[in-house]
There are 2 protein chains.
Amino acid sequence: MTKPRSRRGGGRPTIADVARKAGVGAITVSRALREPGRVSQDLRRQIQAAVDELGYVPDPNARALASARADVFGVLVPSLTNNVFAEVVRGIYDSLSDSPFRIQLGNTHYSGLEEERLLQVFAPQRPAALIVAGIDQTPLSRKLLETAGCPVVQVMETGPDPVDMMVGFSHFDGGRTATEHLIEKGYRRIGFIGARMDPRSQRRLAGYRAAMEAAGLFDPRLITTTPVPSSVTLGRELFRDALAKMPTLDGVFCNNDDIALGVLFECHRASIDVPKLIGIVGFNDLDMMHVSFPSITSVRTHRYEIGTRSVAMALAAIAGNPPERRIVDLGFELMQRESTAR
Amino acid sequence: MTKPRSRRGGGRPTIADVARKAGVGAITVSRALREPGRVSQDLRRQIQAAVDELGYVPDPNARALASARADVFGVLVPSLTNNVFAEVVRGIYDSLSDSPFRIQLGNTHYSGLEEERLLQVFAPQRPAALIVAGIDQTPLSRKLLETAGCPVVQVMETGPDPVDMMVGFSHFDGGRTATEHLIEKGYRRIGFIGARMDPRSQRRLAGYRAAMEAAGLFDPRLITTTPVPSSVTLGRELFRDALAKMPTLDGVFCNNDDIALGVLFECHRASIDVPKLIGIVGFNDLDMMHVSFPSITSVRTHRYEIGTRSVAMALAAIAGNPPERRIVDLGFELMQRESTAR
DNA sequence: CAGACAAATGGTAGCGCTACCATGAAAGGC
DNA sequence: GCCTTTCATGGTAGCGCTACCATTTGTCTG
């Protein structure tokens with residue numbers, strides 16, 4: 001004599017309960033919720049009333065199973081704590097907060113293998129879209145993306161061969177622009193300091209090198225890098241290494257702002273005048289760069305916009321309107337500040 | 001004559017395909033995957049072979065629907081970019097990366113209403129556990145947590161009345177300890193500077209006030225706060241405001257490290273000697289605090305551990321071994337540095 | 001006004017998996 | 001030796017929803 005419906009789970013109302021209460025078929029309730037335009041206004045109102053009264057919320061799992069399509073955006077980033085990716089992710093969340101889509105976030109830890117593993121976990125869920133950081137997927141990852149059967153957006157960088165869509169900017173150009181700025185300002189022995197040399201860092205380094213070579217200033221001993229994850233502490237240490245190796249150093253292009261801040265602090269500590277003796281350029285333009293003393297020149301990137309834009313493109317593609325430009329370059333801006341103003 | 005199975009979705013292998021190939025019943029495959037101990041070794045091997053050959057991956061949606069329980073951890077944090085929460089989330093991700101559990105991350109934007117909304121989205125998914133930041137849930141949120149039917153861990157803070165479990169520390173004590181340190185060092189006109197005065201900030205402020213009152217030093221004009229989100233820029237501005245209001249200020253307890261850094265930069269800019277004229281204490285102890293010049297005294301909190309510990313507790317509860325201590329206080333450490341060394 | 005066609009609604013049959021119960025075989029108790 | 005208890009396995013019946021197709025009604029053609 002127990003209610004048949006309560007066999008498992010709780011007694012949460014189902015679509016059938018709503019249908020009964022509204023005096024319609026279950027499928028009509030389903031339609032009223034998903035494609036209101038296809039249900040007459042009268043029924044729509046009745047159904048809405050029943051939904052409200054019962055507090056009905058569709059079960060996303062049942063929906064995904066029946067429609068072979070989950071309302072999920074899969075998002076893969078290499079780090080959760082790196083401010084750069086956190087901003088991108090924030091843009092994605094904000095853009096999706098009013099939509100029916102949920103987000104499945106994966107942390108690849110800068111590992112191609114981990115990315116493959118996560119993609120293999122995400123794919124079976126038949127996500128509505130996939131957003132992945134970077135353009136250097138392994139062959140398997142690339143294949144998984146291509147066969148995922150949903151819009152795919154590669155973010156952070158632009159490159160020649162998108163899986164589907166791309167939103168980002170050229171790290172090579174960013175690195176070159178930063179370096180050219182130092183050269184223009186009269187710095188000559190310009191070092192490159194970088195940690196966690198991921199593919200984007202490598203391309204910024206390549207941009208640095210191109211600028212230095214074009215000016216006839218390149219010297220491999222000016223480059224100081226490490227695979228260790230980036231931090232302000234590390235910036236300080238690498239700068240000390242660089243200076244020990246190359247005492248005539250008069251400028252540094254830092255792979256990111258954490259490093260740049262570490263360099264600045266070390267200059268303070270060692271009483272090295274910035275920008276007189278050493279010019280400093282960072283990358284990303286975190287909030288603190290314009291507040292520090294001296295303020296630090298940096299390459300501003302549009303991280304939040306990368307997130308919002310990638311969602312907009314994916315949403316358009318889902319709606320059947322794939323954007324005509326599959327590659328969106330959001331560019332960057334060189335923010336000139338006191339650290340290079342001599 | 002089309003294959004009946006390919007009506008919708010793709011032709012991904014199902015449990016029935018594996019069962020057929022291994023020559024066993026579907027339910028045995030299901031068991032072999034979830035409770036290997038209950039299947040004989042022979043069948044287990046056959047099934048594993050079939051799984052590998054077909055590349056079978058269970059459909060999490062079907063599993064969730066059938067078992068009325070999703071392998072999902074719901075995680076609610078007020079911000080994705082605030083390093084503090086990013087570290088907690090990283091701890092959660094790292095702890096769960098080798099488990100079958102996925103993570104559903106929600107951003108409440110420091111809003112109780114948004115938290116309610118997200119909880120109403122999460123609950124229908126019947127998550128395996130819920131981890132929420134803070135202890136100041138609205139009555140509705142609290143009820144949703146209590147009736148979620150899964151382990152719940154409130155993180156970041158400790159308090160008297162957990163919904164289920166708690167991992168954090170006392171922000172009141174943290175604020176008091178920081179302030180007492182400044183008093184001990186001989187600072188007297190000690191200001192409090194805080195942005196985005198969320199409940200945790202409020203409690204740090206209360207700790208500050210308790211310490212100041214105990215020393216007979218309290219003056220409400222020493223307090224400078226704003227509801228605006230915290231940033232280094234804001235730290236600088238608030239410090240200028242505080243100084244304008246109270247020129248005799250000789251110390252500041254900053255609600256967090258961003259603010260503290262802004263204060264330090266402004267001191268540099270205005271040639272105010274730290275720690276001689278002004279003592280600075282931050283909160284959270286970000287990496288940069290020990291690198292800055294002068295290095296900044298801060299209250300170290302164990303953010304990553306809060307994440308890993310909360311997962312460990314939830315996992316134990318899921319396994320049927322709820323921890324005996326439902327409230328875990330991870331404490332904090334005062335890191336004394338140059339900014340208060342006079 | 002018949003015929004064609006669209007719009008609105010409903011019934012049926014799964015989606016892929018697991019809870020529940022049943023079955024048969026092996027193992028143990030007296 | 002019979003009966004109970006375990007263990008290993010399988011069959012059936014859904015979980016809550018939507019794709020597909022059928023049905024009904026109203027609306028437009030000529």
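Computed from a predicted model, the values in this text were never measured in an experiment.
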Expressed in angstrom and rounded to an integer, what is the separation of B:Asp59 atom CG from D:dC15 atom P?
18 Å

Just how far, in rounded Å, is P of C:dT9 from CD of A:Glu35?
13 Å

Taking the side chain as C-beta and beyond, is there a heavy-atom pair between A:Glu157 and A:Asp136 under 4.5 Å?
yes

If you go through the side-chain atoms of A:Arg31, does one of them form a donor-acceptor pair with the base of C:dG10 closer than 3.5 Å?
yes

Strictly below 4.0 Å: does B:Ser67 bring a side-chain N or O up to OP1 or OP2 of C:dC17?
no

Given D:dG10, C:dG16, C:dT18, identify the nucleotide with an atom nearest to the side chain of B:Ser30.
C:dT18

Show the numbers, then the answer: is there a side chain to side chain donor-acceptor pair (under 3.5 Å) between B:Gln48 and B:Asp52?
CA-CA 6 Å; B:Gln48 190 53 51; B:Asp52 291 343; 2.9 Å; yes

Sidechain N-carboxylate O distance under 4.0 Å for A:Arg90, A:Glu87
yes

Expressed as a whole number of angstroms, how long is the span from A:Leu65:CG to C:dG14:C1'?
9 Å

Between A:Arg38 and B:Ile27, which residue's closest nucleotide on DNA chain C lies nearer the 5′ terminus?
A:Arg38

Figure out the CD/C1' separation between A:Gln41 and C:dT9, and round it to whole Å.
17 Å

Whole-Å distance separating the CZ atom of A:Arg20 from the P atom of C:dG11
13 Å

Rounded to the Å, how far apart are A:Arg69 CZ and C:dG14 C1'?
19 Å

Are A:Arg117 and A:Glu114 within salt-bridge range, i.e. N to O under 4.0 Å?
yes

Rounded distance in Å - CD (B:Gln125) to P (D:dC17)
13 Å

Can you see if the side chain of A:Arg34 gets near the phosphate of D:dA19 - specifically, an N or O under 4.0 Å from OP1 or OP2?
yes

Just how far, in rounded Å, is P of D:dA19 from CG of A:Leu33?
13 Å

Report yes if a side-chain nitrogen or oxygen of B:Arg63 is closer than 4.0 Å to either non-bridging phosphate oxygen (OP1 or OP2) of C:dT18; otherwise report no.
yes

Working note: A:Arg326 + A:Asp164, criterion salt bridge (Lys or Arg N to Asp or Glu O under 4.0 Å); need CA distance, chi angles, decisive distance, verdict.
CA-CA 7 Å; A:Arg326 308 182 81 71; A:Asp164 182 6; 2.4 Å; yes

It should be established whether A:Thr28 places a side-chain nitrogen or oxygen under 4.0 Å from OP1 or OP2 of nucleotide C:dG10.
yes

Is the distance from OP1 or OP2 of C:dA8 to the nearest side-chain N or O of A:Ser40 less than 4.0 Å?
no

